[in-house]
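I have placed the structure first, in the form of structure tokens, so that the comments after it can refer back to it.
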Amino acid sequence: MATPTLNPEPLLTVLAQVPSGSVIAFGELAHMAGYPGKARWAGRVLSQLPGGTALPWHRVVNASGVLTCPRADVAAKRLEREGVRVQNGRVAIRKYRWSPGLVAGIVTGPEQE
DNA sequence: GGGATGACAATTT
DNA sequence: AAAATTGCCATCC
């Protein structure tokens, strides 16, 4: 089996499924990609993405909702353009956090509004 | 094999 | 919400 190197493919696939107006955390992204606990690896993958990528990398934030990226200003601008309110490089991840169950129309947990 | 780094997460203060 | 602390995992030197 040669080298068990991690593939960015599943991660990029999940990232492409993220709808506009929503955001996702690195940990959630890695978990859905099939790599639970590898939140840091997810960040590494995005860091290696090319500048001309068509993937919505700007919709990926950390668990705190902070745009932890070298282009936070660009990401914030794009997010606001998609309907996500960004304040001081931070988004209300509590409201905008996306999950596969959400797509199914299943409401989980209490609402915080 | 060891140490430092990084687009992180969870907990506590 | 923010800062500090600890834990985790992959990569680079």
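Here is how names work: the chains are called A, B, and so on, in the same order as the sequence lines, proteins then strands, and each is numbered from 1.
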Looking across every strand, which nucleic acid part, if any, lies under 4.0 Å from A:Ala25 by heavy atom: base, sugar-phosphate, or nothing?
-> sugar-phosphate
Between A:Phe26 (CZ) and B:dG6 (P), how many Å, whole number?
-> 15 Å
Taking the same atom, P, in C:dG7 and in B:dA7, what whole-Å distance lies between them?
-> 22 Å
In whole angstroms, how far is the P atom of B:dA7 from the CG atom of A:Leu55?
-> 18 Å
Separation of A:Leu29 atom CG from B:dA9 atom P, in whole Å?
-> 10 Å
Please give, in whole Å, the distance from B:dA9 P to A:Arg97 CZ?
-> 11 Å
In whole angstrom, what separates A:Leu11's CG from B:dC8's P?
-> 13 Å
From CG of A:Asn62 across to C1' of B:dA9 the rounded distance in Å is 9 Å
Could you tell me the separation between the CH2 atom of A:Trp57 and the P atom of B:dA7, rounded to a whole number of Å?
-> 13 Å
In terms of heavy-atom contacts, does CD of A:Glu9 have more than 12 from other residues, nucleotides or ligands at under 6.0 Å?
-> no
Residue pair A:Trp57 / A:Arg71: nearest heavy atoms and the distance that separates them | CH2-CB, 3.8 Å
How far does CZ of A:Arg59 sit from CD1 of A:Ile24, to the nearest 0.5 angstrom?
-> 11.5 Å
Would you mind reading off the distance between A:Trp41 atom CH2 and C:dC12 atom P, rounded to a whole angstrom?
-> 15 Å
Side-chain donor or acceptor of A:Ser64 paired with backbone N/O of A:Val66 under 3.5 Å | no
Mark yes or no for a side-chain to base donor-acceptor pair under 3.5 Å between A:Arg40 and B:dC8, with no hydrogen or angle criteria applied.
-> yes
Within less than 4.0 Å of OP1 or OP2 of C:dA10, is there a side-chain N or O belonging to A:Lys38?
-> yes
